[in-house]
Engineer: 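Below is the structure I would like to discuss, written out as structure tokens.
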Number of protein chains: 2
Amino acid sequence: MTYRRRQTVRDLRRGNRSALLRHLYFEGPLSRQELGRDTGLSAGSISNVIGELVADGLVEEAGAVESDGGRPRTLLKIAAGHGYLVGVDVGETRVRVALFDLALTELAATDHPLSDSGHDVGHVVQLILDGLAAVLRDTGADQDRVLGVGVGVPGIVEQGGDLVVHGQTIDWESVPLGRLLRTGTELPLHIDNGAKTLGQAEMWFGAGRGAKHAVIALIGSGVGACVIADGTPYRGAASSAGEWGHTTLQVGGRRCRCGARGCLEAYVGAEAMLERWDAAPPGLSEQEGLAALLGAAERDPAADALLSETAEYLGAGIADLINLFNPERIIIGGWAGLMIGPRLLPAACEAAAEYALHYPFTQTSIELGMLGPDAVTVGAATLPLARFLDSGGSP
Amino acid sequence: MTYRRRQTVRDLRRGNRSALLRHLYFEGPLSRQELGRDTGLSAGSISNVIGELVADGLVEEAGAVESDGGRPRTLLKIAAGHGYLVGVDVGETRVRVALFDLALTELAATDHPLSDSGHDVGHVVQLILDGLAAVLRDTGADQDRVLGVGVGVPGIVEQGGDLVVHGQTIDWESVPLGRLLRTGTELPLHIDNGAKTLGQAEMWFGAGRGAKHAVIALIGSGVGACVIADGTPYRGAASSAGEWGHTTLQVGGRRCRCGARGCLEAYVGAEAMLERWDAAPPGLSEQEGLAALLGAAERDPAADALLSETAEYLGAGIADLINLFNPERIIIGGWAGLMIGPRLLPAACEAAAEYALHYPFTQTSIELGMLGPDAVTVGAATLPLARFLDSGGSP
DNA sequence: AGCGTTAAATCACGACTTGAAGAAAGTGAC
DNA sequence: GTCACTTTCTTCAAGTCGTGATTTAACGCT
């Protein structure tokens with residue numbers, strides 16, 4: 001039902017520019033020769049397009065490599081300094097703004113904790129705009145060379161026009177964050193769910209490298225997921241796909257904070273695990289509490305049983321992902337996921353093997369994430385970068 | 001991570017041909033004028049490409065319509081007689097082969113029941129090839145004008161090379177059906193899961209028309225689903241995505257025929273429902289049994305409770321689909337689904353509202369399918385048709 | 001210095017879309 | 001019946017693009 005709608009001979013050029021740029025970005029320095037081999041373009045076209053890219057300053061030479069006996073091939077790479085990217089992480093406890101170059105090395109960052117004043121929208125917007133100004137000032141970067149700003153937020157983001165955010169956990173109801181931010185900056189704006197940006201980061205630079213179909217499961221206080229279908233994040237009709245945490249694992253089961261019963265999140269998130277632990281020491285943060293639980297499981301049978309049960313639920317949840325999405329890789333991330341992963345993953349894998357269909361299970365590898373929660377910022381910066389690469393460098 | 005790989009100026013033409021062909025196919029007779037407006041191509045190109053298509057016999061004129069005062073516009077449509085399509089349904093109980101024209105009107109069909117001899121591979125292959133020969137003979141259709149053969153099978157199909165089928169329910173283990181069929185015919189071959197072909201048919205001609213993101217849930221003896229993401233069926237890494245029936249709804253719950261516990265299919269499929277019905281009359285077929293159960297629920301509280309429970313499980317399963325895929329539409333199909341739908345859907349929707357997240361639930365409509373099980377054949381014929389349209393008519 | 005080898009640049013050619021200008025096919029007024 | 005007008009469709013010059021063959025560049029080896 002989707003009508004392709006491609007046109008002029010000019011789009012062709014843009015497409016090929018994009019392909020070259022992308023390939024060069026991910027496969028590091030390459031010669032024109034290798035680019036031709038990999039992309040299928042003729043040597044003539046490569047020469048032509050690369051010449052243009054070099055003239056535009058997007059690509060630069062990166063030394064040469066001998067070629068047994070003949071003219072050495074000159075290597076090419078993306079000019080990391082050609083532009084800047086801004087990544088913003090609006091987390092549950094802080095707002096972090098970072099400036100990157102095109103190679104996504106961090107040049108400067110600011111970090112503001114969100115105190116009990118909570119997530120007042122005006123305040124958060126101000127923090128973002130201030131952070132943006134600060135990182136630009138600190139590095140002396142020229143505003144005109146910032147390719148775009150990516151923002152990761154804890155909530156569902158309606159893509160399009162105003163970039164409206166629905167963030168249940170931070171009490172944001174239909175906040176037109178895009179419109180609000182545009183009052184303070186004219187830079188191109190991208191906003192997405194923080195879990196999705198983290199997933200994107202894992203795909204590009206972490207445990208997801210090379211996979212086409214993957215699910216990045218994010219376990220923190222609650223549980224979320226980022227589904228990668230055919231190399232790109234899957235959003236669904238209203239950008240809320242991948243709400244794995246509220247998958248039902250127990251009809252009529254334990255009450256979840258979303259109001260339903262028997263959700264995965266009612267058993268597996270840090271919050272739920274601590275609530276289920278009768279002997280939880282009072283007054284600890286979730287991080288400390290979870291660490292205590294893991295420690296206690298060494299000697300306390302009740303705590304150990306709790307972890308075993310959690311592993312079974314996690315495994316069943318993973319099995320659902322396998323059955324429904326058939327990914328080649330499932331990556332467990334999020335601060336709690338990374339914490340409980342080493343302890344629970346073997347048992348969870350066993351459970352997943354039982355609950356999933358045999359054939360797709362054998363096709364899936366289950367791994368721990370490689371990037372910590374800080375990667376949300378990198379992932380956010382990934383959004384304008386993706387646009388940059390897709391468009392073949394703006395024009 | 002996916003490197004676009006587009007090339008020559010010739011692909012452009014193919015793309016535009018395809019866009020025109022597709023648009024003409026789905027939006028019925030249109031004038032060149034309207035085609036230009038809808039696809040964005042210039043009048044010159046339209047004229048050029050359409051001229052080619054008419055010369056190739058893919059498109060033909062379909063009358064004219066006056067235009068207040070000026071030259072009347074001539075309407076164009078796909079030439080339904082330009083080629084033939086074959087659809088094959090390898091079901092659990094029969095093998096059906098049908099010949100269609102390009103408009104997917106059925107020209108001839110054969111239907112062979114599969115007796116207890118079961119699904120012996122050689123036998124099935126022979127039935128397909130015989131059926132193919134028969135429909136060609138009956139209609140006098142020229143073999144050279146058959147664009148391709150689509151086959152729907154009950155099992156997972158590895159796309160690529162040999163088109164290997166893994167069909168647990170019919171005892172097919174790694175059957176290279178593609179290779180086997182190619183010994184008897186040289187027509188282009190497409191094989192896919194029967195649930196997916198039925199889903200495709202619903203999307204093109206049934207309850208799914210116009211949706212970009214949808215899930216077609218198929219309830220028969222067991223339970224399956226066809227996930228449509230961005231207008232095309234989502235397969236996952238190994239073509240086994242959408243195994244909704246084995247989603248876990250009850251950790252440690254009822255044993256399912258797949259070996260796991262608490263699967264949706266252990267509660268909602270026809271087989272499971274009858275097994276759970278203590279008062280099931282013996283000796284009935286599943287169809288008759290299910291009808292009896294629905295009848296008994298009018299007066300027997302136990303049967304009524306069984307149906308209510310089933311509705312809750314179905315609702316929870318639907319909620320999982322909503323949370324994970326965020327579709328705009330969920331379509332309940334399959335013979336059992338169509339049978340129990342009118343009775344269970346209201347209660348199931350209520351349950352889904354409870355188990356799903358509020359925001360995506362409000363974005364989703366839940367409907368009954370419009371096509372019966374016979375549509376598997378049409379859906380199968382859809383496979384070569386899709387290829388025909390994508391390629392802009394073979395060349 | 002000359003030869004062989006490999007990498008990159010150049011250029012004629014064919015294919016493509018566009019946009020403007022022209023041809024076709026009607027209506028309606030005189 | 002003719003002429004002006006409107007709308008649709010076709011034709012054609014102009015500009016762009018990728019290819020593939022040919023040149024030019026850059027190096028090692030003898």
Side-chain angles (χ1 to χ4, degrees), chain A residues 4-21 23-24 29-56 59-77 392-393 395, chain B residues 4-21 23-24 29-56 59-77 392-393 395:
Chain A
R4 267 196 233 156
R5 188 195 219 269
R6 201 154 281 117
Q7 289 183 324
T8 145
V9 71
R10 216 143 186 171
D11 296 328
L12 224 170
R13 173 64 136 228
R14 186 171 17 249
N16 284 338
R17 251 179 88 117
S18 167
L20 250 41
L21 215 52
H23 198 71
L24 218 42
L30 288 169
S31 70
R32 294 165 167 74
Q33 196 77 185
E34 295 162 308
L35 278 170
R37 175 168 42 70
D38 296 349
T39 61
L41 266 73
S42 74
S45 294
I46 300 277
S47 209
N48 190 336
V49 177
I50 289 289
E52 215 175 272
L53 288 171
V54 170
D56 290 354
V59 167
E60 58 191 14
E61 301 201 345
V65 84
E66 64 178 14
S67 66
D68 32 31
R71 173 176 177 173
R73 51 190 104 171
T74 56
L75 294 179
L76 299 162
K77 66 173 184 193
Chain B
R4 266 196 233 156
R5 188 194 217 271
R6 202 152 283 120
Q7 288 182 325
T8 144
V9 71
R10 214 148 185 167
D11 296 327
L12 225 168
R13 171 65 137 231
R14 183 167 24 244
N16 285 338
R17 250 180 90 117
S18 167
L20 251 40
L21 215 52
H23 199 71
L24 219 42
L30 288 169
S31 71
R32 294 165 226 259
Q33 195 79 183
E34 296 163 308
L35 278 171
R37 176 168 41 71
D38 295 350
T39 62
L41 264 72
S42 73
S45 294
I46 300 277
S47 206
N48 190 338
V49 176
I50 289 289
E52 215 177 271
L53 287 171
V54 171
D56 291 355
V59 167
E60 59 192 15
E61 301 200 345
V65 85
E66 63 179 14
S67 65
D68 34 27
R71 173 175 177 176
R73 51 193 103 172
T74 56
L75 294 179
L76 300 162
K77 66 172 184 193

Engineer: Looking at side-chain heavy atoms only, is the closest gap between A:D11 and A:R14 below 4.5 Å?
Structural biologist: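 Yes - at least one pair of side-chain heavy atoms lies under 4.5 Å apart.
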
Engineer: Are any protein N/O atoms closer than 3.5 Å to N/O atoms in nucleotides 15-17 of chain D? If there are, list each pair with its distance.
Structural biologist:
none

Engineer: On DNA chain C, which is the earliest and which the latest nucleotide, 5' to 3', with an atom closer than 4.0 Å to a heavy atom of chain B?
Structural biologist: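 It runs C:dC16 to C:dT27.
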
Engineer: Return the set of residues passing side chain to side chain contact (heavy atoms under 4.5 Å, CB included) with B:R13 (not counting sequence neighbours), or none when no residue passes.
Structural biologist: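 Applying side chain to side chain contact (heavy atoms under 4.5 Å, CB included) to B:R13 gives B:N48, B:V49, B:E52.
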
Engineer: Looking only at non-hydrogen atoms, find the nearest pair between A:T8 and A:R10 and report the distance.
Structural biologist: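 Closest heavy-atom pair between A:T8 and A:R10: OG1-N, 2.7 Å.
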
Engineer: Check B:L35 against B:H23 and note the closest heavy-atom contact, atom names and distance.
Structural biologist: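 Residues B:L35 and B:H23, closest heavy atoms: CD2-CD2, 3.8 Å.
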
Engineer: Looking at every non-hydrogen atom in both residues, tell me the closest pair between B:I46 and B:T39 and how far apart they are.
Structural biologist: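 Between these two residues, the closest heavy atoms are CD1-OG1, 4.0 Å.
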
Engineer: Quick check: on DNA chain C, is the nucleotide nearest B:N48 upstream (toward 5') of the one nearest A:N48, or the reverse? Name the residue that is more 5'.
Structural biologist: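 It is A:N48 whose nearest nucleotide is closer to the 5' end.
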
Engineer: Report all interatomic pairs (protein N or O, nucleotide N or O of nucleotides 19-21 of chain D) with separations under 3.5 Å.
Structural biologist:
from   : atom 1 : to    : atom 2 : distance (Å)
D:dT19 : OP2    : A:S42 : N      : 2.9
D:dT19 : OP2    : A:S42 : OG     : 2.8
D:dT19 : OP2    : A:S45 : OG     : 3.0

Engineer: Base, backbone or nothing for each nucleotide of nucleotides 1-8 of chain D, written B, S, -, heavy atoms under 4.0 angstrom, 5' to 3'?
Structural biologist: -----BBB

Engineer: Taking only residues two or more places apart in sequence or in another chain, which ones pass side chain to side chain contact (heavy atoms under 4.5 Å, CB included) with A:Q33?
Structural biologist: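 With sequence neighbours excluded, A:Q33 shows a side chain to side chain contact (heavy atoms under 4.5 Å, CB included) to A:S31, given in chain and number order.
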
Engineer: Could you check if a side-chain atom of A:E61 sits within less than 4.5 angstrom of a side-chain atom of A:L75, using non-hydrogen atoms only?
Structural biologist: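 No; the side chains remain at least 4.5 Å from each other.
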
Engineer: A side-chain contact here means heavy atoms from C-beta on lying under 4.5 Å apart; do A:L24 and A:L21 qualify?
Structural biologist: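 No. Closest side-chain heavy atoms not under 4.5 Å.
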
Engineer: Please name the pair of heavy atoms, one in A:V9 and one in A:L12, separated by the smallest distance, quoted to 0.1 Å.
Structural biologist: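 That closest heavy-atom pairing would be O-CB, 3.2 Å.
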
